[in-house]
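Just the heavy atoms: all of them, side chains too, but no hydrogens, waters or symmetry mates, feed the values below.
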Amino acid sequence: MIAIKNLYKQFGNKEILSGIDLTIEKGEKVVIIGSSGSGKSTLLRCINQLEKPSSGEVWFEGRLLTQADPYLHEELIKVSKTFKKMKAEGGADEELVEEIRKNKMLKPKQEGKEFRKLLRSFTENNRLSIDSARQKIGMCFQHFNLFNNLTVIENLILAPVELKLASKEEALKQAEELLQRIGLYDKKDEYPNRLSGGQKQRIAIIRSLCMNPDVMLFDEPTSALDPEMVGEVLELMKELAAGGMTMVVVTHEMGFAKEIATRVVFMDSGRILEEGTPDAVFNHPENPRTKEFLSKVL
(Lines give C-alpha, C1' and ligand atoms only; values in the text may rest on other atoms or scores of the structure.)
Protein backbone atom coordinates (compact mmCIF):
# COMPACT_ATOMS: atom_id res chain seq x y z
CA MET A 1 0.00 0.00 0.00
CA ILE A 2 2.75 2.48 1.00
CA ALA A 3 6.33 2.08 -0.19
CA ILE A 4 9.04 4.44 1.05
CA LYS A 5 12.29 4.15 -0.89
CA ASN A 6 15.66 5.56 0.17
CA LEU A 7 14.02 8.66 1.65
CA TYR A 8 16.16 11.61 2.73
CA LYS A 9 15.04 14.90 4.23
CA GLN A 10 17.26 17.84 5.06
CA PHE A 11 16.48 21.16 6.72
CA GLY A 12 19.39 23.39 5.75
CA ASN A 13 22.54 21.44 6.55
CA LYS A 14 20.79 19.18 9.06
CA GLU A 15 19.79 15.73 7.86
CA ILE A 16 16.52 14.62 9.48
CA LEU A 17 15.88 11.42 7.50
CA SER A 18 18.78 9.33 6.24
CA GLY A 19 17.81 6.69 3.70
CA ILE A 20 14.49 5.35 5.01
CA ASP A 21 13.17 2.17 3.37
CA LEU A 22 9.78 1.01 4.63
CA THR A 23 6.82 -0.86 3.15
CA ILE A 24 3.37 -0.85 4.76
CA GLU A 25 0.87 -3.44 3.57
CA LYS A 26 -2.90 -3.07 3.56
CA GLY A 27 -4.35 -3.84 7.00
CA GLU A 28 -1.05 -3.45 8.86
CA LYS A 29 -0.74 -1.46 12.07
CA VAL A 30 2.79 -0.08 12.05
CA VAL A 31 3.85 1.74 15.20
CA ILE A 32 6.95 3.94 15.01
CA ILE A 33 8.84 4.56 18.25
CA GLY A 34 12.01 6.41 19.15
CA SER A 35 13.26 9.39 21.10
CA SER A 36 12.24 12.96 20.29
CA GLY A 37 14.10 14.29 17.27
CA SER A 38 14.63 10.88 15.70
CA GLY A 39 12.66 11.82 12.55
CA LYS A 40 9.40 9.96 13.28
CA SER A 41 7.03 12.88 12.70
CA THR A 42 8.99 14.10 9.68
CA LEU A 43 8.60 10.64 8.13
CA LEU A 44 4.81 10.80 8.56
CA ARG A 45 4.69 14.28 7.10
CA CYS A 46 6.71 13.11 4.07
CA ILE A 47 4.23 10.28 3.50
CA ASN A 48 1.39 12.79 3.34
CA GLN A 49 3.57 15.31 1.47
CA LEU A 50 3.25 17.97 4.15
CA GLU A 51 7.03 17.92 3.86
CA LYS A 52 8.77 17.42 0.52
CA PRO A 53 11.60 14.85 0.71
CA SER A 54 15.05 15.98 -0.36
CA SER A 55 15.44 12.72 -2.31
CA GLY A 56 13.94 9.27 -2.50
CA GLU A 57 10.38 8.31 -3.30
CA VAL A 58 7.01 7.67 -1.63
CA TRP A 59 4.50 5.41 -3.42
CA PHE A 60 0.87 4.92 -2.45
CA GLU A 61 -1.20 2.10 -3.95
CA GLY A 62 1.25 1.83 -6.84
CA ARG A 63 1.27 5.56 -7.61
CA LEU A 64 4.07 8.05 -7.02
CA LEU A 65 3.49 10.89 -4.54
CA THR A 66 6.91 12.50 -4.92
CA GLN A 67 9.11 13.44 -7.84
CA ALA A 68 10.85 10.43 -9.36
CA ASP A 69 14.34 9.86 -7.96
CA PRO A 70 16.59 8.86 -10.90
CA TYR A 71 19.03 7.07 -8.60
CA LEU A 72 16.31 4.49 -7.90
CA HIS A 73 15.82 3.65 -11.57
CA GLU A 74 18.65 2.12 -13.57
CA GLU A 75 16.94 2.86 -16.88
CA LEU A 76 17.00 6.59 -16.10
CA ILE A 77 20.65 6.57 -15.07
CA LYS A 78 21.62 4.83 -18.31
CA VAL A 79 20.26 7.63 -20.54
CA SER A 80 22.25 10.31 -18.69
CA LYS A 81 25.27 12.00 -20.24
CA THR A 82 27.27 11.04 -17.16
CA PHE A 83 26.64 7.33 -17.70
CA LYS A 84 27.27 7.49 -21.45
CA LYS A 85 30.57 9.31 -20.90
CA MET A 86 31.72 6.76 -18.30
CA LYS A 87 30.57 3.91 -20.54
CA ALA A 88 32.67 5.22 -23.40
CA GLU A 89 35.69 5.14 -21.11
CA GLY A 90 35.03 1.45 -20.34
CA GLY A 91 33.43 -0.50 -17.52
CA ALA A 92 30.54 -2.85 -16.80
CA ASP A 93 27.04 -1.29 -16.76
CA GLU A 94 26.25 -2.52 -13.23
CA GLU A 95 29.49 -1.11 -11.82
CA LEU A 96 28.99 2.25 -13.52
CA VAL A 97 25.38 2.55 -12.32
CA GLU A 98 26.46 1.74 -8.76
CA GLU A 99 29.29 4.29 -8.89
CA ILE A 100 26.91 7.00 -10.09
CA ARG A 101 24.44 6.14 -7.32
CA LYS A 102 27.06 5.95 -4.59
CA ASN A 103 28.68 9.26 -5.49
CA LYS A 104 25.44 11.10 -6.43
CA MET A 105 26.96 12.10 -9.77
CA LEU A 106 23.85 13.13 -11.72
CA LYS A 107 23.23 16.81 -12.40
CA PRO A 108 19.79 16.88 -14.08
CA LYS A 109 20.30 20.22 -15.83
CA GLN A 110 23.43 18.85 -17.50
CA GLU A 111 22.31 15.31 -18.32
CA GLY A 112 20.73 16.04 -21.67
CA LYS A 113 17.23 16.45 -23.08
CA GLU A 114 16.57 12.70 -23.32
CA PHE A 115 17.32 12.21 -19.62
CA ARG A 116 15.15 15.14 -18.54
CA LYS A 117 12.31 14.07 -20.81
CA LEU A 118 12.30 10.51 -19.48
CA LEU A 119 12.55 11.69 -15.87
CA ARG A 120 9.61 14.05 -16.36
CA SER A 121 7.62 11.41 -18.24
CA PHE A 122 8.29 8.76 -15.57
CA THR A 123 7.02 11.13 -12.86
CA GLU A 124 3.93 12.21 -14.80
CA ASN A 125 2.96 8.67 -15.85
CA ASN A 126 3.17 7.33 -12.29
CA ARG A 127 2.07 10.37 -10.30
CA LEU A 128 -0.96 10.54 -8.01
CA SER A 129 -1.92 14.12 -7.27
CA ILE A 130 -1.51 15.03 -3.64
CA ASP A 131 -5.13 16.22 -3.48
CA SER A 132 -6.27 12.75 -4.56
CA ALA A 133 -3.84 11.10 -2.14
CA ARG A 134 -5.05 13.13 0.83
CA GLN A 135 -8.60 11.95 0.22
CA LYS A 136 -7.31 8.42 0.87
CA ILE A 137 -4.69 9.16 3.54
CA GLY A 138 -6.16 10.54 6.76
CA MET A 139 -3.89 12.24 9.28
CA CYS A 140 -4.35 13.04 12.95
CA PHE A 141 -1.90 15.47 14.54
CA GLN A 142 -0.67 16.14 18.07
CA HIS A 143 -2.89 19.20 18.14
CA PHE A 144 -6.46 18.91 17.01
CA ASN A 145 -6.58 21.58 14.28
CA LEU A 146 -10.36 21.92 14.50
CA PHE A 147 -11.94 25.11 13.18
CA ASN A 148 -12.97 26.99 16.31
CA ASN A 149 -15.55 29.09 14.43
CA LEU A 150 -17.43 25.95 13.30
CA THR A 151 -19.50 23.57 15.37
CA VAL A 152 -18.48 19.94 15.70
CA ILE A 153 -20.87 18.79 12.98
CA GLU A 154 -19.76 21.62 10.67
CA ASN A 155 -16.12 20.57 11.19
CA LEU A 156 -17.00 17.01 10.22
CA ILE A 157 -18.92 17.69 7.02
CA LEU A 158 -16.81 20.56 5.66
CA ALA A 159 -14.21 18.56 3.68
CA PRO A 160 -16.43 15.87 2.12
CA VAL A 161 -18.98 18.49 1.02
CA GLU A 162 -16.43 21.02 -0.26
CA LEU A 163 -14.54 18.33 -2.17
CA LYS A 164 -17.84 16.99 -3.54
CA LEU A 165 -17.21 13.54 -2.11
CA ALA A 166 -20.72 13.49 -0.66
CA SER A 167 -23.87 15.59 -0.63
CA LYS A 168 -24.55 17.58 2.50
CA GLU A 169 -27.25 15.10 3.49
CA GLU A 170 -24.92 12.11 3.02
CA ALA A 171 -22.10 13.84 4.91
CA LEU A 172 -24.45 14.72 7.80
CA LYS A 173 -25.68 11.15 8.04
CA GLN A 174 -22.16 9.72 8.16
CA ALA A 175 -20.95 12.34 10.65
CA GLU A 176 -23.87 11.71 12.98
CA GLU A 177 -23.30 7.95 12.80
CA LEU A 178 -19.64 8.42 13.71
CA LEU A 179 -20.52 10.74 16.60
CA GLN A 180 -22.95 8.12 17.88
CA ARG A 181 -20.21 5.52 17.61
CA ILE A 182 -17.83 7.45 19.86
CA GLY A 183 -20.51 8.65 22.26
CA LEU A 184 -20.31 12.34 21.37
CA TYR A 185 -23.54 12.82 19.43
CA ASP A 186 -24.77 15.24 22.09
CA LYS A 187 -21.80 17.51 21.31
CA LYS A 188 -22.58 17.90 17.60
CA ASP A 189 -23.73 21.52 17.91
CA GLU A 190 -21.02 22.56 20.36
CA TYR A 191 -18.00 24.64 19.37
CA PRO A 192 -14.53 23.10 19.92
CA ASN A 193 -13.66 25.49 22.76
CA ARG A 194 -16.43 23.84 24.81
CA LEU A 195 -14.85 20.37 24.53
CA SER A 196 -12.18 18.61 26.55
CA GLY A 197 -8.86 17.71 24.95
CA GLY A 198 -9.82 14.07 24.66
CA GLN A 199 -13.13 14.97 23.03
CA LYS A 200 -11.39 17.30 20.55
CA GLN A 201 -8.92 14.60 19.55
CA ARG A 202 -11.66 12.02 19.02
CA ILE A 203 -13.54 14.55 16.89
CA ALA A 204 -10.33 15.17 14.90
CA ILE A 205 -9.98 11.43 14.27
CA ILE A 206 -13.53 10.95 13.05
CA ARG A 207 -13.21 14.09 10.91
CA SER A 208 -10.54 12.14 9.00
CA LEU A 209 -12.82 9.10 8.90
CA CYS A 210 -15.52 11.20 7.23
CA MET A 211 -13.25 11.17 4.15
CA ASN A 212 -13.38 7.34 4.12
CA PRO A 213 -9.57 7.00 4.01
CA ASP A 214 -7.73 3.81 3.11
CA VAL A 215 -5.00 4.50 5.69
CA MET A 216 -4.71 6.64 8.82
CA LEU A 217 -1.52 8.37 9.97
CA PHE A 218 -1.33 9.32 13.66
CA ASP A 219 1.37 11.73 14.82
CA GLU A 220 1.60 11.36 18.61
CA PRO A 221 -2.17 11.85 18.98
CA THR A 222 -2.12 11.70 22.79
CA SER A 223 0.95 13.83 23.51
CA ALA A 224 -1.03 17.05 24.02
CA LEU A 225 -3.61 15.44 26.32
CA ASP A 226 -3.90 15.33 30.09
CA PRO A 227 -3.18 11.78 31.33
CA GLU A 228 -6.82 11.03 32.20
CA MET A 229 -7.89 11.85 28.64
CA VAL A 230 -5.36 9.58 26.91
CA GLY A 231 -7.38 6.40 27.43
CA GLU A 232 -10.49 7.54 25.54
CA VAL A 233 -8.44 8.41 22.44
CA LEU A 234 -6.48 5.14 22.56
CA GLU A 235 -9.73 3.20 22.86
CA LEU A 236 -11.00 4.75 19.63
CA MET A 237 -7.72 3.92 17.90
CA LYS A 238 -7.92 0.34 19.16
CA GLU A 239 -11.43 0.11 17.73
CA LEU A 240 -10.16 1.33 14.34
CA ALA A 241 -7.33 -1.21 14.46
CA ALA A 242 -9.74 -4.03 15.29
CA GLY A 243 -11.89 -2.96 12.33
CA GLY A 244 -9.02 -3.53 9.90
CA MET A 245 -7.94 0.06 9.24
CA THR A 246 -4.39 0.38 7.91
CA MET A 247 -2.57 2.56 10.45
CA VAL A 248 0.83 4.17 10.87
CA VAL A 249 1.22 5.51 14.39
CA VAL A 250 3.98 7.59 15.95
CA THR A 251 3.58 7.30 19.70
CA HIS A 252 5.29 7.17 23.08
CA GLU A 253 2.53 4.91 24.42
CA MET A 254 4.46 1.65 24.62
CA GLY A 255 1.60 -0.36 26.08
CA PHE A 256 -0.61 0.69 23.19
CA ALA A 257 2.13 -0.23 20.71
CA LYS A 258 2.44 -3.70 22.22
CA GLU A 259 -1.31 -4.24 22.06
CA ILE A 260 -2.26 -3.10 18.56
CA ALA A 261 0.88 -3.17 16.41
CA THR A 262 1.46 -5.82 13.80
CA ARG A 263 4.94 -4.33 13.40
CA VAL A 264 7.05 -1.98 15.50
CA VAL A 265 9.68 0.27 13.91
CA PHE A 266 12.42 1.86 16.02
CA MET A 267 14.01 5.04 14.65
CA ASP A 268 17.08 6.91 15.82
CA SER A 269 18.91 9.86 14.22
CA GLY A 270 16.81 9.67 11.07
CA ARG A 271 17.33 5.95 10.44
CA ILE A 272 15.38 2.77 11.04
CA LEU A 273 17.59 0.71 13.34
CA GLU A 274 15.21 -2.15 14.08
CA GLU A 275 11.78 -3.43 13.12
CA GLY A 276 9.75 -6.51 13.84
CA THR A 277 6.80 -7.86 15.78
CA PRO A 278 6.03 -6.24 19.15
CA ASP A 279 7.37 -9.34 20.88
CA ALA A 280 10.63 -9.27 18.93
CA VAL A 281 11.29 -5.54 19.38
CA PHE A 282 10.13 -5.12 22.98
CA ASN A 283 11.23 -8.44 24.44
CA HIS A 284 14.18 -9.43 22.25
CA PRO A 285 15.72 -6.26 20.77
CA GLU A 286 18.95 -6.80 18.86
CA ASN A 287 20.25 -3.28 18.26
CA PRO A 288 22.11 -1.77 21.26
CA ARG A 289 20.42 1.61 20.74
CA THR A 290 16.99 -0.07 20.79
CA LYS A 291 17.89 -1.80 24.06
CA GLU A 292 19.08 1.49 25.55
CA PHE A 293 15.90 3.33 24.52
CA LEU A 294 13.55 0.64 25.79
CA SER A 295 15.40 0.36 29.11
CA LYS A 296 14.51 4.02 29.74
CA VAL A 297 10.88 4.00 28.62
CA LEU A 298 9.59 0.62 29.82
Side-chain angles (χ1 to χ4, degrees), residues 1-11 16-17 20-28 30 32 39-73 75-76 79 106 108-109 111 113-141 145-147 150 155-168 170-171 174-175 204-219 240 245-250:
M1 176 171 267
I2 298 173
I4 299 162
K5 302 179 180 182
N6 201 34
L7 200 71
Y8 284 81
K9 176 62 182 179
Q10 290 178 302
F11 291 111
I16 307 301
L17 298 177
I20 298 291
D21 288 294
L22 183 65
T23 300
I24 297 151
E25 302 293 348
K26 184 175 179 62
E28 273 199 295
V30 176
I32 303 174
K40 307 182 302 296
S41 294
T42 300
L43 176 57
L44 278 197
R45 293 174 68 85
C46 284
I47 292 174
N48 209 22
Q49 293 298 283
L50 295 172
E51 296 287 355
K52 300 296 183 185
S54 302
S55 62
E57 294 176 347
V58 179
W59 293 75
F60 175 67
E61 295 183 336
R63 302 292 298 280
L64 187 60
L65 300 185
T66 57
Q67 294 294 321
D69 183 340
Y71 292 109
L72 295 175
H73 305 282
E75 67 272 24
L76 292 176
V79 299
L106 296 180
K109 292 183 179 179
E111 298 300 341
K113 290 183 179 179
E114 184 183 4
F115 174 84
R116 292 193 296 273
K117 181 179 178 181
L118 282 176
L119 180 60
R120 185 168 57 251
S121 176
F122 184 93
T123 298
E124 291 173 354
N125 290 340
N126 290 282
R127 192 76 180 267
L128 176 66
S129 75
I130 193 56
D131 289 338
S132 297
R134 286 176 182 158
Q135 292 176 24
K136 297 184 176 184
I137 304 174
M139 187 158 184
C140 182
F141 301 89
N145 295 336
L146 297 175
F147 295 106
L150 301 178
N155 266 280
L156 296 181
I157 70 172
L158 179 63
V161 172
E162 288 295 316
L163 294 172
K164 295 181 170 45
L165 300 177
S167 67
K168 185 174 181 180
E170 291 169 335
Q174 182 185 31
I205 292 172
I206 67 167
R207 179 178 59 180
S208 291
L209 295 182
C210 284
M211 298 289 289
N212 297 309
D214 293 331
V215 58
M216 282 288 296
L217 310 179
F218 293 92
D219 185 10
L240 291 178
M245 174 66 74
T246 306
M247 299 166 64
V248 186
V249 185
V250 168

Considering non-hydrogen atoms only, spot the tightest contact between [X] and [Y] and give its length.
| X | Y | result |
| --- | --- | --- |
| Gly138 | Pro213 | N-CB, 3.6 Å |
| Ile157 | Ala175 | CG2-CB, 4.0 Å |
| Lys168 | Val161 | CA-CG2, 3.8 Å |
| Ala171 | Ala166 | N-CB, 4.1 Å |
| Pro70 | Leu119 | CD-CD1, 4.0 Å |
| Thr23 | Glu28 | O-OE1, 3.9 Å |

Is there a side-chain contact between [X] and [Y] (heavy atoms, below 4.5 Å)?
| X | Y | value |
| --- | --- | --- |
| Asn6 | Asp21 | yes |
| Arg134 | Leu65 | no |
| Leu43 | Ile4 | yes |
| Met139 | Leu50 | yes |
| Asp214 | Thr246 | no |
| Asn212 | Gln174 | yes |
| Leu156 | Leu158 | no |
| Met211 | Lys136 | no |

(Q) Does the plane of the ring in Trp59 sit parallel, tilted or perpendicular to the ring in Phe122? Use 30° and 60° as the thresholds. (A) perpendicular

Q: Start with the C-alpha gap between Met1 and Glu25, add the side-chain angles, then the distance that decides, and say whether side-chain contact (heavy atoms from CB on, under 4.5 Å) holds.
A: CA-CA 5 Å; Met1 176 171 267; Glu25 302 293 348; 5.7 Å; no

Q) Looking at Asp219, Asn48, Leu44, which hits side-chain contact (heavy atoms from CB on, under 4.5 Å) with Val248? A) Leu44

(Q) Other residues, nucleotides and ligands only: do more than 12 of their heavy atoms fall within 6.0 Å of NZ on Lys52? (A) yes

Rounded to the nearest 0.5 Å, how far apart are [atom1] of [X] and [atom2] of [Y]?
| X | Y | atom1 | atom2 | value |
| --- | --- | --- | --- | --- |
| Leu217 | Ile24 | CG | CD1 | 8.0 Å |
| Glu114 | Leu76 | CD | CG | 10.5 Å |
| Ser132 | Leu163 | OG | CG | 10.0 Å |
| Ser54 | Asp69 | OG | CG | 11.0 Å |
| Ile16 | Ser41 | CD1 | OG | 11.5 Å |
| Ile20 | Tyr8 | CD1 | OH | 9.0 Å |

Check for a donor-acceptor pair, side chain of [X] on one end and backbone N or O of [Y] on the other, with a separation under 3.5 Å.
| X | Y | answer |
| --- | --- | --- |
| Thr123 | Ala68 | yes |
| Gln49 | Cys46 | yes |
| Arg116 | Lys109 | yes |

Q) When you look at Tyr71 and Lys5, which way does the side-chain contact (heavy atoms from CB on, under 4.5 Å) test go after all the steps? A) CA-CA 11 Å; Tyr71 292 109; Lys5 302 179 180 182; over 6 Å; no

Q) Between Ile2 and Phe60, does a side-chain contact (heavy atoms from CB on, under 4.5 Å) hold up when you go through it step by step? A) CA-CA 5 Å; Ile2 298 173; Phe60 175 67; 3.8 Å; yes

Q | Test log, rule side-chain contact (heavy atoms from CB on, under 4.5 Å), inputs Leu209 and Leu240 | A | CA-CA 10 Å; Leu209 295 182; Leu240 291 178; 3.6 Å; yes

